[in-house]
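The structure under discussion appears below in the form of structure tokens.
Lettering of chains follows the sequences in order, A, B, ..., and the numbering in each one begins at 1. Every heavy atom of this structure was used, including side-chain atoms; hydrogens, water molecules and symmetry mates were not.
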2 protein chains.
Amino acid sequence: MDEFEIISVAIVEDDTEIRQILSLIVDRSPGYSCKQSFSDCESALDGIRKDPPDVVLMDIGLPRMSGIDGVRALKEKLPETDFIMLTIQDDDDSVFNSLCAGATGYLLKDTPPTELLHSIREVRKGGSPMSPNIARKIVGSFRRAPESPLTSRESEILDKLCNGDNYKTIATSLFISGNTVRAHIKAIYRKLHVTSRAQAVRTAISKKLI
Amino acid sequence: MDEFEIISVAIVEDDTEIRQILSLIVDRSPGYSCKQSFSDCESALDGIRKDPPDVVLMDIGLPRMSGIDGVRALKEKLPETDFIMLTIQDDDDSVFNSLCAGATGYLLKDTPPTELLHSIREVRKGGSPMSPNIARKIVGSFRRAPESPLTSRESEILDKLCNGDNYKTIATSLFISGNTVRAHIKAIYRKLHVTSRAQAVRTAISKKLI
DNA sequence: AGGACAATTACCCAAATGGGTAATTTTGTT
DNA sequence: AACAAAATTACCCATTTGGGTAATTGTCCT
């Protein structure tokens, strides 16, 4: 993807006015082309494969199939295409599910046209354009939970639990008895509302306790 | 943090020349101030608390304590300060460990001065400035592994395993016998090189198999 | 000094798990 | 049709796990 190649863009957006405006902005800008736009994922799935675009701008709140499921389905067929979510949704679920579904960028609809065009260029150059607070949200997801319901000893044991250590191994490595380990693990289960190691590991990871 | 407030910046960078150039770039730019710069984390830890800066530009490859450990230590003391890694390291470990340690931005050293200043402003406005390929790396980390050593049935069972389901529950929900579930789980353990549910869950999540 | 919380240890017992082995059926591909 | 891979089922047995209950010791803060 060199610097001056024309980038073909497709748009999936149910609001007719917004769709037309976006289409115009992109198509009228030098270096960009927008020949396809769709009002829902179903027609996009149908029409987009004839002439795969370089980049798809995808809304989330669409009738029937959501933009997130749309990305999942389209990315399957067009792995070379970059998908940028362009939406008003800024909740965690929308953001993380979009990325898991295969979106490479995530912009909010208040993104000014210049930024939007720059983002389309950037995603083709190997970047991942994101609105600032979206980027912050994503980066923040790598932090450990600031407050844990567990005591420090319990956290220590949870950590070993996640490594797959059994009672004896944990007991030996902490120089305490197996019974004590069990007592701590019971406390951990109670606090995390789980009843097995597998659930404890899953919860520990998803709640960023370790 | 309003638009026109002067942002105070501190720099931790062992290369004297780079440190001085960075310091000059920041300090000479309107709206920015750089009154503190350090050649290692130890002196930064010592000197930075007197006058906590808004933003710290942190190198990674430093003598003794690495910039990553430096961020962890400093962020503890100065939770309001934003840390931007400014480094040549672009490997996965450096990136993800930095974010886990508390960095909010991650820039490569080839970032032009204008971009750098813009990034400092952006991090204060609630964003997370990242070099394009770093952003892509981070976003990519949310995708599921494209290829799994497991068969589709095994993946299905691994998924339920991660939910904490036991043999019977899995068997019932898949309309197969508990013995079959066990057979699949044995195959999963063999392929993932684990010997327990806890390890299987951890591996499944870390390798993005689910 | 007292109270709250954390850490430690112990025991009983039912249920679940993990390893080994073996065989049949289904499915997919050449 | 033939072969390979996957899915299915079964049984034996030792080990581990999870739930319940109870008690002692240490530490921190009021």
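For the pair A:K160 NZ and D:dT17 P, the interatomic distance rounds to 15 Å; values are reported in whole Å. Nucleotide C:dG19 holds its P atom 12 Å from the CG atom of B:L192, rounded to whole Å. Here C:dA6 presents its P atom at 18 Å from CG of A:L174, a figure rounded to the nearest Å. Rounded to an integer number of Å, the gap from A:R153 CZ to D:dC28 P is 15 Å. If you measure from atom CD1 of A:I185 to atom C1' of C:dA7, you get 14 Å, rounded to the nearest angstrom. Taking atom CD1 of residue B:I176 and atom P of nucleotide D:dA7, one finds them 10 Å apart after rounding to whole Å. Rounded to whole Å, the distance from CD on B:Q199 to P on D:dT16 is 13 Å. The interatomic distance linking A:K191 (NZ) with C:dC5 (P) rounds to 10 Å, in whole Å.
Annotation: of the two residues near DNA chain C, B:A183 and B:T195, the 5′-most nearest-nucleotide partner is B:T195.
Using a 4.0 Å cut-off between charged side-chain N and carboxylate O, A:R64 and A:D40 make a salt bridge.
Side-chain atoms of A:R143 come within 3.5 Å of backbone N or O of B:G102 as a donor-acceptor pair. Here the side chain of B:R197 pairs no donor or acceptor atom with the backbone of A:A198 at under 3.5 angstrom. Listed for the A:S29 side chain is no donor-acceptor partner under 3.5 Å among the backbone atoms of A:Y32. Although no hydrogens or angles enter the test, the distance criterion places no donor-acceptor pair under 3.5 Å between the side chain of B:S66 and the main chain of B:G61. Put simply, the side chain of B:T203 never gets that close to the backbone of B:A200: no donor and acceptor are under 3.5 Å apart.
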Close N/O contacts between protein and nucleotides 11-16 of chain C (under 3.5 Å):
from	atom 1	to	atom 2	distance (Å)
C:dA16	OP2	B:K168	NZ	3.4

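In this model, the phosphate group of D:dT16 is not approached by any side-chain N or O of B:S196 to a distance below 4.0 Å at OP1 or OP2. Listed pair B:S177 / D:dA10 meets the phosphate criterion, a side-chain N or O lying under 4.0 Å from OP1 or OP2.
Closest to the side chain of A:T180, out of C:dT8, D:dT9, D:dA7, is C:dT8. The side chain of B:T151 has D:dA7 as its nearest neighbour among D:dA7, D:dT8, C:dT8.
Looking only at atom types and distance, the side chain of A:T169 has no donor-acceptor partner in the side chain of A:T172 under 3.5 Å away.
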